[in-house]
2 protein chains.
Amino acid sequence: MPPTSETLTAERILEATEEVLRRHGPAKATVVDVARALGVSHGSVYRHFRTKAALRDAVTKKWLDRTFDSLSGIVAADDLDPEARLRAWFTGLFAAKRRKAGDEPELFATFSVLATENGEAVGQHIADLTGQLTRIVQAGVDAGTFTCADPATTARALFHATGRFHDPGYAREWEQPGVEGELEAVVDLLVRGLRARD
Amino acid sequence: MPPTSETLTAERILEATEEVLRRHGPAKATVVDVARALGVSHGSVYRHFRTKAALRDAVTKKWLDRTFDSLSGIVAADDLDPEARLRAWFTGLFAAKRRKAGDEPELFATFSVLATENGEAVGQHIADLTGQLTRIVQAGVDAGTFTCADPATTARALFHATGRFHDPGYAREWEQPGVEGELEAVVDLLVRGLRARD
DNA sequence: CAGCTGACAGATTTCAATATCTGTCATTCC
DNA sequence: GGAATGACAGATATTGAAATCTGTCAGCTG
């Protein structure tokens, strides 16, 4: 069963939209382009997505979820102590973001404009990520290696403090030579701040 | 001696430029406007500043230096222990940036575009600020309340970790209700990370 | 009749002609 | 003679008309 001339589903529209965005970038991609790529009229696309923004949001959500999923293994890694998990998580997040910025610049640009507009998908993504962080912090508290008043608040603080290494606004600086060391310096400080005393 | 019809100095040009920027904003301010405000031809302005970018840089530098100066009192405050100095410094920097963003939106916008372009003045400003941070961290190490491998590296990490609260790209979020608390949560973590054990 | 179409109004974008600006420099003015 | 001027070339910004796009919907189609 070839995907062409199959019934039009939200999923097929998302795939086509991602392809169009990848080719044209967020500024030039139109829903007419998407419809053309699918061989349907643009009115049909509006049957599945209320607005262009909703479509862009849905594509971005799928794309961001892939990053989220790739980190979930670290959160659940019982063979690593919480501190190692935390370090691996930050390193993994940074690597994932940097890779996306480099390999899929057009989709990354889409994500960036959505981020500056506080799009729904990005808000959810941030909530997802801080949720993962909360679980790691909680694990550390349970194990007695971390101390903190409220894991969720601490998770947000950790996320804010490392913004330079995952916020799309800083993407340009991720290619500079010393960045890995800068991330490590920040994470070192934060981990020390989390550790329980004696 | 009224400032008008006095000889044309770099200082007078800077004042006029700041005024023009304040009124028109960075996008619409031209060196012709500056010259008109001074009652001279624009060629004369070029005698004192090689390019428009140099002029904009100089105005921004003056403006940023005022923030720097307002913080120097905290760095030298011997009545405060290093930890209190660090907290006061971050609070002060955040308050200063937020006030500028709110009270002088046009000049702040000038600063923002310069920041994204890695302008000379901004680079110097960051170096100045991390220099102040280094002095505070060093004071803490000397007093035995802080531990760290290298104060300058740690100062940079502290600066990066608090970017959300001084980087102009985040200015929009500085008006949201919970920000003060978010800054405090981050600084709490960082200060804990700096503290010497037992 | 559920899903798709294509014509449509209003909003947005493109494009090219026009106007303004930047930076230089030969000349003028005190 | 050192400082200021203003005309100038090339770069950049503005503008308004034309083209395209978004989102809707009455009607077609299988």
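Being a predicted model, the structure only gives us computed values, none of them experimental. Numbers restart at 1 for each chain; the letters A, B, ... are given by sequence-line order, proteins then strands.
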Quiz item: So with a 6.0 Å cut-off around CZ of R50(A), is the heavy-atom count from everything else above 12?
Solution: no
Quiz item: Could you state the NE2-C1' distance from H24(A) to dC21(D), rounded to the nearest angstrom?
Solution: 14 Å
Exercise. For F49(B) and dT22(C), give me the distance from atom CZ to atom P, rounded to whole Å.
Key: 15 Å
Practice problem: May I ask you to decide whether E182(A) forms a salt bridge with R156(B), counting only side-chain N to carboxylate O separations under 4.0 Å? | Solution: yes
Exercise. For L55(B) and dG23(C), give me the distance from atom CG to atom P, rounded to whole Å.
Key: 10 Å
Quiz item: Atom OH of Y46(B) to atom C1' of dT24(C): distance rounded to whole Å?
Solution: 10 Å
Quiz item: Looking at CZ of R135(B) and CH2 of W89(B), how far apart are the two atoms once the value is rounded to the nearest 0.5 Å?
Solution: 12.0 Å
Listing time: all N or O pairs from protein to nucleotides 3-12 of chain D that are below 3.5 Å?
{"unit_1": "dA4(D)", "atom_1": "N7", "unit_2": "R47(B)", "atom_2": "NH2", "d": "3.3"}
{"unit_1": "dT5(D)", "atom_1": "OP2", "unit_2": "S41(B)", "atom_2": "N", "d": "2.9"}
{"unit_1": "dT5(D)", "atom_1": "OP2", "unit_2": "S41(B)", "atom_2": "OG", "d": "3.4"}
{"unit_1": "dT5(D)", "atom_1": "OP2", "unit_2": "S44(B)", "atom_2": "OG", "d": "2.6"}

Quiz prompt | Presence of salt bridge, R164(B) and E173(B), under 4.0 angstrom | solution = yes
Exercise. State, without any angle test, whether T30(B) and D33(B) hold a side-chain donor-acceptor pair at a distance under 3.5 Å.
Key: yes
Quiz item: Below 6.0 angstrom between ring centroids: does that apply to F159(B) and H166(B)?
Solution: yes
Quiz prompt | Residues R98(A) and E180(A) bridged, charged N to O under 4.0 Å | solution = yes
Quiz item: Counting only heavy atoms not in R23(B), do more than 12 sit closer than 6.0 Å to its CZ atom?
Solution: no
Quiz item: Can you check the D33(B) CG to dA13(D) P distance for me, whole Å?
Solution: 14 Å
Quiz item: Contact class for V32(B) vs. all strands (heavy atom < 4.0 Å): base, sugar-phosphate, or nothing?
Solution: base
Self-check item: Rounded interatomic separation in angstrom, taking CG from L38(A) and P from dG3(C)
Solution: 17 Å
Using the 3.5 Å cut-off, write out each protein N or O paired with an N or O of nucleotides 10-20 of chain C and the distance between them.
none

